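Reading through the structure tokens given below for one structure.
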Amino acid sequence: MSPLTALTYVLPHRALSSLARALAYSTNPSLKQWLIDTVTRKFGVDLSEAAEPDPRAYPTFNAFFTRALKPGARVADPDPRALLMPADGHVSQCGDIVDGRIFQAKGQAYTAAELLGSEADAAPFADGMFATVYLSPRDYHRVHMPWAGTLRETVHVPGRLFSVGTDAVASVPRVFARNERLAFHFDTEFGPMVQVMVGALLVSGVETVWSGVEIPAYADAITRKDYRGKGIALERFAEMARFNYGSTVIVLLPKGVAALDGMLKSETPVRLGQRLATRA
């Protein structure tokens, strides 16, 4: 474990994230432009793909961070059987859920029940499939639908805000099941599908297309919102939510509904809309 990762055990996670949020939403021209220019330069952000390519046109750093893309910058895999990658980023891990456990990194795993907040929520995904995608600061930070679905419930699970960088994922036990997160439960034609948006140190805001900002406020207890009968149905490839300063998305699928794309391995760079899996 690196000294920086060790330090995150004692840092005031929520206070630091609140400070980062205040900076991200600042309209101070010099501050917001310094933040935009620094991230663009350090991480090699490709603004030619953005709907607004002028870095000075964004009113805040958060507006830049959650920028839309030009039409056609990302396209859905044309195979109608393909479940789609929900975001730009890198695959952290992907594969089978084995006896209810999800692989995090060498020597590290956590259970689907820990991630989702209950054994009942995890039961449909026993021996199913997962994919964990890490979004870096250079990436498009909107999360889209792998498959068409109707929202049944969201579950806000309280937690810490550890880093989810490579060292932390390798060394902080159960980090994705310890960090603040919001799980989206969808009903699809093949059964349940879950997408989990996981917060991290300094990057813990989540906003949905149907209700606006959900995190923060941070949770002190598991909070459920029932959307059954509300008619929130999203098509395959449609935008679902965005990270206001973003982190990691985890997709869970039931056993036997799809086969993971064989080209996907740990640290594989991925783009929104490419094939995640193929319907069985």
Side-chain angles (χ1 to χ4, degrees), residues 83 86-87 92-104 108-133 143-162 164 169 172-200 204 206-211 214-234 240-241 243 247-258 260 276-277 280:
L83 281 84
S92 176
Q93 297 291 342
C94 58
D96 293 332
I97 301 170
V98 181
D99 296 327
R101 298 185 68 79
I102 299 171
F103 183 61
Q104 177 176 304
Q108 304 286 352
Y110 55 94
T111 69
E114 289 173 324
L115 179 69
L116 299 180
S118 79
E119 294 284 353
D121 285 345
F125 306 100
D127 303 316
M129 187 187 81
F130 79 97
T132 304
V133 180
V143 176
H144 291 233
M145 294 289 287
W147 197 262
T150 300
L151 184 65
R152 175 170 24 100
E153 184 178 41
T154 62
V155 183
H156 184 177
V157 185
R160 297 276 286 171
L161 291 168
F162 288 103
V164 291
V169 170
V172 177
R174 303 168 29 256
V175 65
F176 299 121
R178 295 171 72 174
N179 276 12
E180 194 100 14
R181 57 204 179 274
L182 187 62
F184 301 83
H185 293 260
F186 289 94
D187 293 321
T188 77
E189 64 182 17
F190 56 73
M193 176 182 74
V194 170
Q195 295 213 92
V196 183
M197 293 177 67
V198 184
S204 56
V206 174
E207 179 178 346
T208 71
V209 298
W210 57 84
S211 63
E214 292 282 345
I215 303 175
Y218 299 117
D220 294 316
I222 291 177
T223 304
R224 296 177 177 270
K225 291 185 179 181
D226 189 347
Y227 286 94
R228 283 170 287 195
K230 301 295 179 62
I232 299 176
L234 299 177
M240 181 194 83
F243 280 114
S247 170
T248 299
V249 58
I250 303 172
V251 182
L252 302 184
L253 299 169
K255 181 180 180 180
V257 304
L260 192 70
L276 167 67

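Computation of the quantities below employed the complete heavy-atom set of this structure, encompassing side-chain atoms and omitting hydrogens, waters and symmetry-equivalent molecules. For clarity, every value in this text was computed on a predicted model and none was experimentally measured.
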Checking Ile222, Ile215, Asn179, Asp220 against Pro158 for side chain to side chain contact (heavy atoms under 4.5 Å, CB included), the one that qualifies is Ile222

Original post:
Do Cys94 and Thr132 have side-chain heavy atoms sitting under 4.5 Å apart?
Top reply: no

Let me see the working for Leu182 and Val196 under side chain to side chain contact (heavy atoms under 4.5 Å, CB included), right down to the final yes or no.
CA-CA 6 Å; Leu182 187 62; Val196 183; over 6 Å; no

Interatomic distance, CZ@Arg152 vs OG1@Thr188, rounded to 0.5 Å, equals 10.0 Å

dist Thr154:OG1 -> Lys225:NZ (nearest 0.5 Å) comes out at 6.0 Å

Using side chain to side chain contact (heavy atoms under 4.5 Å, CB included), reason through Tyr218 and His156 one step at a time and then give a plain yes or no.
CA-CA 9 Å; Tyr218 299 117; His156 184 177; 5.6 Å; no

Heavy-atom closest pair (Ala280 atom, Gly256 atom, distance to 0.1 Å) is CB-O, 3.3 Å

message: Using side chain to side chain contact (heavy atoms under 4.5 Å, CB included), reason through Leu151 and Lys230 one step at a time and then give a plain yes or no.
response: CA-CA 8 Å; Leu151 184 65; Lys230 301 295 179 62; over 6 Å; no

I want to check something: taking the side chain as every heavy atom from C-beta on, are Leu116 and Val155 in contact at a cut-off of under 4.5 Å? no

Output for pair (Phe184 CZ, Leu252 CG), nearest 0.5 Å, gives 13.0 Å

dist Ile97:CD1 -> Phe125:CZ (nearest 0.5 Å) comes out at 7.5 Å

Here the gap from Met145 atom CE to Leu83 atom CG, rounded to the nearest 0.5 Å, amounts to 10.0 Å

Closest non-hydrogen contact found for Ala177 with Arg181 is O-NH2, 3.1 Å

Q) Is there a side-chain contact between Phe103 and Tyr110, using heavy atoms and a 4.5 Å cut-off? A) no

Output for pair (Phe176 CZ, Ser247 OG), nearest 0.5 Å, gives 7.0 Å

Looking only at heavy atoms, the pair that brings Ala277 and Met129 closest together is CB-CE, 3.8 Å

| query | Is any side-chain heavy atom of Thr111 closer than 4.5 Å to a side-chain heavy atom of Ile102? | reply | no

Examine the side chains of His185 and Gln195 and answer whether a donor and an acceptor come within less than 3.5 Å of each other. no

For Arg174, the salt bridge (Lys or Arg N to Asp or Glu O under 4.0 Å) test, sequence neighbours excluded, returns Glu114

task = Check step by step if side chain to side chain contact (heavy atoms under 4.5 Å, CB included) holds for Tyr227 and Thr150.
result = CA-CA 9 Å; Tyr227 286 94; Thr150 300; over 6 Å; no

- Query: When the ring planes of Phe190 and Trp147 are compared, do they come out parallel, tilted or perpendicular, using 30° and 60° as the limits?
  - Reply: tilted

Quiz item: Under 4.0 Å between a Lys/Arg side-chain N and an Asp/Glu carboxylate O for Arg228 and Asp226?
Solution: yes

Quiz item: If you measure from the Lys or Arg side-chain nitrogens to the Asp or Glu carboxylate oxygens, is any gap between Arg224 and Glu153 under 4.0 Å?
Solution: yes

Residues Leu260 and Leu276: closest non-hydrogen pair is CD1-O, 3.5 Å

Next item on the list: Compare all side-chain heavy atoms of Val251 with those of Pro86 and state whether any distance is below 4.5 angstrom.
Entry: yes

So, Lys255 and Asp127, do they make that salt bridge, N to O below 4.0 Å?
no

